[in-house]
Amino acid sequence: MFSVKRAAVLAALFLFSAISALAQDVTLSSRDGKVALSGTLLGFDGEFYRVQTEFGELTVDGSGVSCEGPGCPNLIDFVAEVEMSGSATMGAVLMPALVDAFARRNGYTVQREDVDPTRFVLSLVRQDTGKLAARFGFRASNTNEGFADLLADEADVVMALREIRADERKLAREAGMGDLTGANRSRVLALDAVVPVVSLRNPVKTISPLTLARVFAGQITNWQALGGPDAPIDLHLPDAASGLSQAIEDQVMQPATLDLTDQAMRHATPEAISAAVSRDTLALGLTSYAERRNLRSLTLDGTCGFALSASRRTIKTEDYPLTAPMFLYFPARRLPKIAREFLAYTRGPGAQNVIRRAGFVDQAPEEIAIDDQGNRLVNAVTVAGGEITLQEVQRMTATLAPMARLTTSFRFETGSIRLDAQSRSNVQQLARALEQGQYDARQVLFVGFSDGEGAARPNREIALRRAEAVMRAVKEAAVTANLERLDLGVDAFGEAMPMACDDTSWGRQANRRVEVWVR
């Protein structure tokens with residue numbers, strides 16, 4: 001299906017280039033009149049012109065040129081235009097809430113205009129003058145359409161519930177949009193998670209990740225196999241084109257090398273899944289944590305007895321294995337100043353409060369005292385003995401007891417030493433905190449943990465190297481931080497404090513991590 005979409009995008013890009021070569025709707029001339037540049041105006045951000053010329057796409061500082069032609073913008077009453085496309089969950093709920101909060105903070109009022117069921121415009125009007133300052137256009141459909149709109153130059157920002165695919169990344173680079181996986185081309189806005197949900201009347205309360213995958217592959221079809229009644233399981237999933245469905249394929253099905261059954265009922269929105277499951281005692285749905293509503297989220301368990309439930313804290317730390325970061329992607333071109341100010345606002349503490357109120361998980365770091373981590377210490381005691389000696393558990397306890405764990409954690413892609421998407425965002429987040437002096441005069445310890453496969457000593461050495469690699473990455477990103485004002489260090493305890501069972505790839509993934517502890 002994507003090959004058809006890819007061909008359409010390439011055709012659109014070719015047609016756009018052909019039209020641009022013929023149309024000459026603006027001419028930019030230097031103040032002395034000695035240099036003139038003609039082409040099609042692709043955008044104006046209030047400061048810079050973006051023009052398609054015979055030399056390719058060029059960005060020109062507006063302060064040094066005059067503009068002539070039918071495409072020239074109104075410089076006196078300039079109105080910034082920003083188009084965002086992608087995830088319906090982000091576009092319909094989260095982004096409008098953030099735009100509204102940003103507007104109130106900066107002296108704007110917001111006017112909404114609904115264009116069609118998936119499109120709407122938020123206009124920002126200055127309270128002091130009544131003049132229109134910006135229009136934020138939204139197309140809230142799905143992640144696939146968001147990337148297609150970006151490639152067709154119909155969107156400036158993509159709202160995505162999954163990472164960009166390799167073919168989308170390649171097409172974007174070929175279209176001159178840069179590498180959309182780069183630090184300045186993408187970032188995590190907020191956090192969500194994939195959760196299995198049942199009606200409150202359903203007696204089942206736990207399920208293992210492998211069993212969950214087998215159910216949604218159609219291999220297990222009766223509740224009796226899950227400890228429930230002798231009755232068929234009715235399955236509910238998000239629309240196949242949605243980012244949430246693709247996150248389910250990546251995180252639930254792919255580790256089990258299984259495919260989703262075609263017998264599940266598909267829904268256009270996560271809210272529709274929740275509504276359907278709440279009406280049916282025999283239903284099992286996969287939806288987002290933010291949209292679980294009045295349903296029971298099944299706890300993920302394993303054969304070793306360890307269990308993980310979805311909560312704000314476990315999603316933020318990635319202890320819950322089915323986390324789903326919410327991404328923003330933008331091409332290598334300047335956005336209007338007000339759009340840049342809005343994106344800067346979304347990183348701040350005010351935006352984190354808005355994200356929480358909207359039902360999603362924010363990224364503001366929190367400190368978890370050792371007294372609130374009893375379940376993790378129980379896990380450590382459970383695995384002690386054999387290769388994990390009492391002395392090592394005592395060393396870990398003595399090291400960590402005076403400290404608090406940050407919710408900022410780091411995990412790695414499956415079978416790779418590369419940090420996963422949420423962790424790459426955490427590097428930037430922690431680096432900014434160091435630059436702002438939030439941990440000055442404090443001890444910050446990067447602590448590595450491993451899964452239990454293999455011998456304990458090599459596992460600890462691997463965990464230590466990972467902790468060192470994460471600390472280096474944070475220090476390199478914290479360009480303006482005065483690192484002499486704090487005590488940075490590393491340690492590792494290997495497999496001494498597991499989060500999940502090691503008998504599945506999900507469990508091993510959860511156990512391989514670098515935590516940050518502060519004192």
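Index from 1, following the sequence. Because the structure is a prediction, the values reported are computed rather than measured.
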Requested in this report: Test T287 against R293 for side chain to side chain contact (heavy atoms under 4.5 Å, CB included), laying out the working first.
Outcome: CA-CA 10 Å; T287 189; R293 303 206 173 183; over 6 Å; no
**Report entry** Side-chain heavy atoms of Y329 within contact of E163, under 4.5 Å
**Finding:** yes
Query raised in the report: Hey, would you say the F342 and F136 ring centroids sit under 6.0 Å apart?
Result: yes
Query raised in the report: So do E435 and V479 actually touch side chain to side chain, heavy atoms under 4.5 Å?
Result: yes
Report task. Side-chain contact test, heavy atoms from C-beta onward, threshold under 4.5 Å: evaluate it for R139 versus E83 and give yes or no. Result -> no
Query raised in the report: Regarding R292 and the six-membered ring of Y289, is the cationic atom NZ or CZ under 6.0 Å from the ring centre and inside 45° of its axis?
Result: yes
Query - Shortest non-hydrogen contact between F412 and V470, atoms and distance - result: CZ-CG2, 4.3 Å
**Report entry** Which atom of A240 lies closest to which atom of Q246, heavy atoms considered
**Finding:** O-NE2, 3.9 Å
Query raised in the report: How far does CZ of R513 sit from CE of M497, to the nearest 0.5 angstrom?
Result: 6.5 Å
Query raised in the report: For the side chain of K316 and the backbone of A364, is there at least one donor-acceptor N/O pair under 3.5 Å apart?
Result: yes
Report task. Begin from the C-alpha positions of F327 and L189 and carry the test side chain to side chain contact (heavy atoms under 4.5 Å, CB included) through to its verdict. Result -> CA-CA 6 Å; F327 298 91; L189 175 69; over 6 Å; no
Requested in this report: Check whether any side-chain heavy atom of M95 lies under 4.5 Å from a side-chain heavy atom of M159, and answer yes or no.
Outcome: yes
Query - Closest non-hydrogen atom pair, I273 against G285 - result: CG2-CA, 4.3 Å
Query raised in the report: Nearest 0.5 Å, what's the CD1-CG distance between I207 and L226?
Result: 5.0 Å
Query raised in the report: Hey, is the main chain of T323 close enough, under 3.5 Å, to the side chain of Q251 for a donor-acceptor pair?
Result: yes
**Report entry** Qualifying residue for salt bridge (Lys or Arg N to Asp or Glu O under 4.0 Å) with E366, from R356, R405, R312
**Finding:** R312
Query raised in the report: Rounded to the nearest 0.5 Å, how far does CD of Q352 lie from CD of Q363?
Result: 6.0 Å
Requested in this report: Evaluate the salt bridge (Lys or Arg N to Asp or Glu O under 4.0 Å) criterion for residues R279 and D234: first the C-alpha distance (whole Å), next the side-chain angles of each, then the deciding distance (0.1 Å), finally the verdict.
Outcome: CA-CA 11 Å; R279 293 191 299 265; D234 299 326; over 6 Å; no
Query raised in the report: Do any N or O atoms from the side chain of D420 and from the backbone of S423 form a donor-acceptor pair under 3.5 angstrom?
Result: yes
Requested in this report: Keeping the roles fixed (side chain from N202, backbone from T281), state whether a donor-acceptor pair exists under 3.5 Å.
Outcome: yes
Query raised in the report: Ignoring hydrogens and geometry, is there a side-chain-to-backbone donor-acceptor pair from R135 to S123 under 3.5 Å?
Result: no
**Report entry** Side-chain heavy-atom pair L180, S186 within 4.5 angstrom cut-off
**Finding:** no
Report summary line: dist W223:CH2 -> L284:CG (nearest 0.5 Å) comes out at 4.5 Å
Requested in this report: Write down the atom of L343, the atom of R187, and the distance for their closest heavy-atom approach.
Outcome: O-NH2, 2.7 Å
Query raised in the report: Does a sphere of radius 6.0 Å around CE in M253 hold more than 12 heavy atoms from other residues, nucleotides or ligands, not counting ones at 6.0 Å or beyond?
Result: yes
Query raised in the report: Quick one: does D192's side chain have a donor or acceptor within less than 3.5 Å of a partner on M326's backbone?
Result: no
Query raised in the report: Looking at side-chain heavy atoms only, is the closest gap between F360 and L191 below 4.5 Å?
Result: no
Query raised in the report: So is R466 actually on top of F410's ring, under 6.0 Å and inside 45° of the axis?
Result: no
Query raised in the report: Can you find a pair of side-chain heavy atoms, one from I355 and one from V361, that are under 4.5 Å apart?
Result: no
Report task. Enter the distance from T143:OG1 to E168:CD here, rounded to the nearest 0.5 Å. Result -> 9.0 Å
Requested in this report: Might you confirm whether atom CZ of R340 has over 12 heavy atoms from other residues, nucleotides or ligands at distances under 6.0 Å?
Outcome: yes
Query raised in the report: Stepwise, does the side chain to side chain contact (heavy atoms under 4.5 Å, CB included) test hold for R266 with L260?
Result: CA-CA 11 Å; R266 295 281 188 167; L260 288 168; 3.8 Å; yes
Query raised in the report: Pick from R185, K170, R169: which one makes a salt bridge (Lys or Arg N to Asp or Glu O under 4.0 Å) with D179?
Result: R169
Report task. Applying side chain to side chain contact (heavy atoms under 4.5 Å, CB included), run through V252 and F216 and close with a yes or a no. Result -> CA-CA 9 Å; V252 179; F216 278 91; 5.8 Å; no
Query - Taking every non-hydrogen atom, the tightest pair across I338 and L124 - result: CD1-CD2, 4.0 Å
Query raised in the report: Roughly how far, to the nearest 0.5 Å, is CD of E515 from CD of E318?
Result: 11.5 Å
Query raised in the report: When you look at D319 and R411, which way does the salt bridge (Lys or Arg N to Asp or Glu O under 4.0 Å) test go after all the steps?
Result: CA-CA 10 Å; D319 291 346; R411 281 181 167 80; 3.1 Å; yes
Report task. Could you go through the salt bridge (Lys or Arg N to Asp or Glu O under 4.0 Å) check for R162 and E249 one step at a time? Result -> CA-CA 11 Å; R162 61 164 173 82; E249 293 177 9; over 6 Å; no
Query - Over all atoms of both residues, closest heavy-atom pair of S288 and L244 - result: N-CD2, 3.8 Å
Report task. Answer yes or no: is there a donor N or O on one side and an acceptor on the other, between the side chain of D239 and the main chain of H267, under 3.5 Å? Result -> no
Query raised in the report: S309 side chain to T299 main-chain N or O, any donor-acceptor pair under 3.5 Å?
Result: no
Report task. Spell out, as yes or no, whether a donor-acceptor pair under 3.5 Å connects the side chain of N142 to the backbone of S87. Result -> no
Requested in this report: Before accepting this row, confirm whether a basic side-chain N of the pair R112/D100 lies closer than 4.0 Å to the acidic partner's carboxylate O.
Outcome: no
Report task. May I ask you to test the S242-L161 pair for a side-chain heavy-atom distance under 4.5 Å? Result -> no
**Report entry** Positive for side chain to side chain donor-acceptor pair (under 3.5 Å) with D451, one of Q509, R512, R508
**Finding:** R512
